[in-house]
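In what follows, chains are A, B, ... by sequence order, proteins preceding strands, each numbered from 1.
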Amino acid sequence: MENIVGEPVREAERLGVPAPTLKTIYGLLRGIQLKTKERKGLWKPKFEEGNPYA
Amino acid sequence: MAAYALEKGGRAEVTAVCRSNYEAATKRGFTIDSLDHGHDITGFRPTQIRNSVPNVDEEDIAPFEYVVVTTKNVPDVSPNVLDIIKPAITPGVTTVVLLQNGYNIEKPIIAKFHENVVLSGISYIQANETSHGVILHDEADSTKCGPFPGQKVPTRKAESEATRFIELYNANGKTDWKFDEDVNFTRWRKLVYNTSFNSVSAILQMDTTRMRQSQVIIDDLIRPAMLEIIAIAKAAGVDLPAGIDNTLIRVDPVDTAFVPSMGQDVAKVGSCYSERLKFSH
């Protein structure tokens with residue numbers, strides 16, 4: 001989904017086009033992706049150094 | 001299906017990289033139920049089947065004229081597409097065909113291999129591997145293929161590579177690949193659907209028919225997302241046709257509960273994408 005939603009969101013920022021819906025959709029997909037990565041052992045749910053939300 | 005079409009046309013020899021289906025492919029060949037090619041194909045094997053990407057230098061094999069990438073493009077997981085295909089590419093010789101959706105997917109390939117032609121393939125095919133080595137192909141293999149803009153190779157060379165590949169592909173007599181005069185237009189147009197219906201189906205785990213029946217999902221999510229893509233495309237220099245949002249909101253059949261590919265992927269394993277690679281001589 002990075003190339004399908006992520007890239008257009010980045011283009012929007014670069015070009016100064018408002019894209020609130022796409023940004024929200026992108027955020028939700030990233031969340032799904034993270035859950036999958038955790039399940040596959042590609043992401044560890046811990047607070048990395050410098051995370052302000054710890 | 002790309003491997004099948006290319007071999008059937010008799011003008012290409014395909015080396016297919018199969019991973020989870022490697023055993024089924026080598027032992028039994030592929031069983032294919034295809035809208036274009038016939039419903040009872042059994043024992044199909046490309047000229048070569050491997051379970052790893054060929055390393056042209058190390059293995060001292062002849063350069064590939066084309067490398068056709070049919071995986072989904074997941075750049076945030078290693079290895080990415082460039083890492084995967086690098087060993088099979090001969091600088092200045094191999095033409096890379098990216099049969100994948102998305103934006104800016106060609107950039108890393110062109111950056112690394114600026115002497116190689118990189119072609120865009122936007123496909124409208126529907127084909128699924130229902131179990132290892134068993135393929136159901138139920139929507140016509142019609143693809144738009146053309147050179148990505150922004151390459152160092154001369155435009156004329158890139159265009160003639162595209163035309164040649166389309167000829168090799170369509171030689172089977174059943175498929176309908178066409179030359180893409182405007183790759184950016186084609187890609188942005190596909191994004192209108194993929195950033196809206198496809199993405200929302202993944203999040204909601206819902207089919208597009210129900211979304212339209214709800215009305216509110218179209219009004220609150222699908223149409224706003226589509227209009228944003230149309231505006232971004234316009235700012236990027238691509239004018240999509242007026243009313244394209246209305247067209248694409250109604251494009252899917254309503255007699256079935258159609259779940260687009262990202263919705264199906266999340267349903268299957270919770271992951272956004274699975275992988276499959278094919279290469280061709």
Side-chain angles (χ1 to χ4, degrees), chain A, chain B residues 72-78 80-81 98 100-108 184 187-188 190-205 220-238 260-263 265-266 268-274:
Chain A
M1 51 83 203
E2 281 296 341
N3 288 313
I4 295 193
V5 188
E7 283 300 309
V9 165
R10 285 183 278 276
E11 275 305 290
E13 264 156 46
R14 209 173 56 80
L15 297 164
V17 178
T21 317
L22 290 176
K23 282 201 177 123
T24 307
I25 288 173
Y26 180 49
L28 289 165
L29 286 175
R30 279 182 103 166
I32 295 176
Q33 192 80 316
L34 212 55
K35 285 172 64 176
T36 309
K37 283 182 173 178
E38 180 177 356
R39 199 174 316 137
K40 294 190 168 183
L42 296 172
W43 181 67
K44 289 221 171 5
K46 61 181 175 53
F47 287 98
E48 298 287 343
E49 183 99 24
N51 185 334
Y53 306 121
Chain B
K72 300 205 168 160
N73 200 313
V74 191
D76 51 319
V77 173
S78 203
N80 57 38
V81 170
L98 297 179
Q100 304 169 312
N101 292 323
Y103 193 66
N104 285 335
I105 63 171
E106 75 283 14
K107 298 243 152 75
N184 271 345
R187 288 203 169 253
W188 278 111
K190 197 120 200 260
L191 283 172
V192 178
Y193 184 96
N194 279 338
T195 56
S196 58
F197 272 129
N198 209 349
S199 300
V200 171
S201 88
I203 295 164
L204 294 181
Q205 285 292 278
D220 290 356
L221 292 169
I222 304 298
R223 194 191 296 276
M226 286 186 172
L227 293 176
E228 284 170 22
I229 285 285
I230 292 164
I232 301 166
K234 190 170 174 85
V238 172
S261 56
M262 285 161 75
D265 286 333
V266 172
K268 251 182 276 186
V269 295
S271 108
C272 259
Y273 291 110
S274 57

**OP:** Report the C-alpha distance between M262(B) and L29(A) in whole Å, list the side-chain angles of each, state the deciding distance to 0.1 Å, and finish with yes or no for side-chain contact (heavy atoms from CB on, under 4.5 Å).
**Re:** CA-CA 10 Å; M262(B) 285 161 75; L29(A) 286 175; 3.8 Å; yes
**OP:** Please look at P20(A) and chain B and tell me whether the side chain, the backbone, both or neither of the residue comes under 4.5 angstrom of a heavy atom of that chain.
**Re:** both
Original post:
Do you know the tightest heavy-atom contact between A19(A) and I232(B)?
Top reply: CB-CD1, 4.3 Å
Original post:
Looking at NZ of K107(B) and CD of E7(A), how far apart are the two atoms once the value is rounded to the nearest 0.5 Å?
Top reply: 8.0 Å
Subject >> Top of A233(B), P224(B), S196(B), S78(B) for chain A proximity - count of heavy-atom pairs under 4.5 angstrom >> reply: P224(B)
Original post:
Is the backbone of T21(A) close enough, under 3.5 Å, to the side chain of E228(B) for a donor and an acceptor to pair up by distance?
Top reply: yes
Subject >> Side-chain heavy-atom pair N198(B), I4(A) within 4.5 angstrom cut-off >> reply: no
**OP:** Go through the steps for I25(A) and V200(B) under the test side-chain contact (heavy atoms from CB on, under 4.5 Å), then give the verdict.
**Re:** CA-CA 7 Å; I25(A) 288 173; V200(B) 171; 3.9 Å; yes
Original post:
G16(A), P18(A), P8(A), G31(A): which one forms the most heavy-atom pairs within less than 4.5 Å of chain B?
Top reply: P8(A)
**OP:** Locate the shortest heavy-atom distance separating P75(B) from E2(A); write the atom from each residue and the value.
**Re:** CG-CB, 3.7 Å
Subject >> Side chain / backbone / both / neither for L191(B) at chain A, heavy atoms under 4.5 Å >> reply: side chain
**OP:** Drop me the distance from N104(B)'s CG to N3(A)'s CG, to the nearest 0.5 angstrom.
**Re:** 7.5 Å
Original post:
Any salt bridge between D76(B) and K37(A), counting N to O under 4.0 Å?
Top reply: yes
Subject >> Contact winner vs chain B - V5(A), V9(A), L22(A), V17(A), heavy-atom pairs under 4.5 Å >> reply: L22(A)
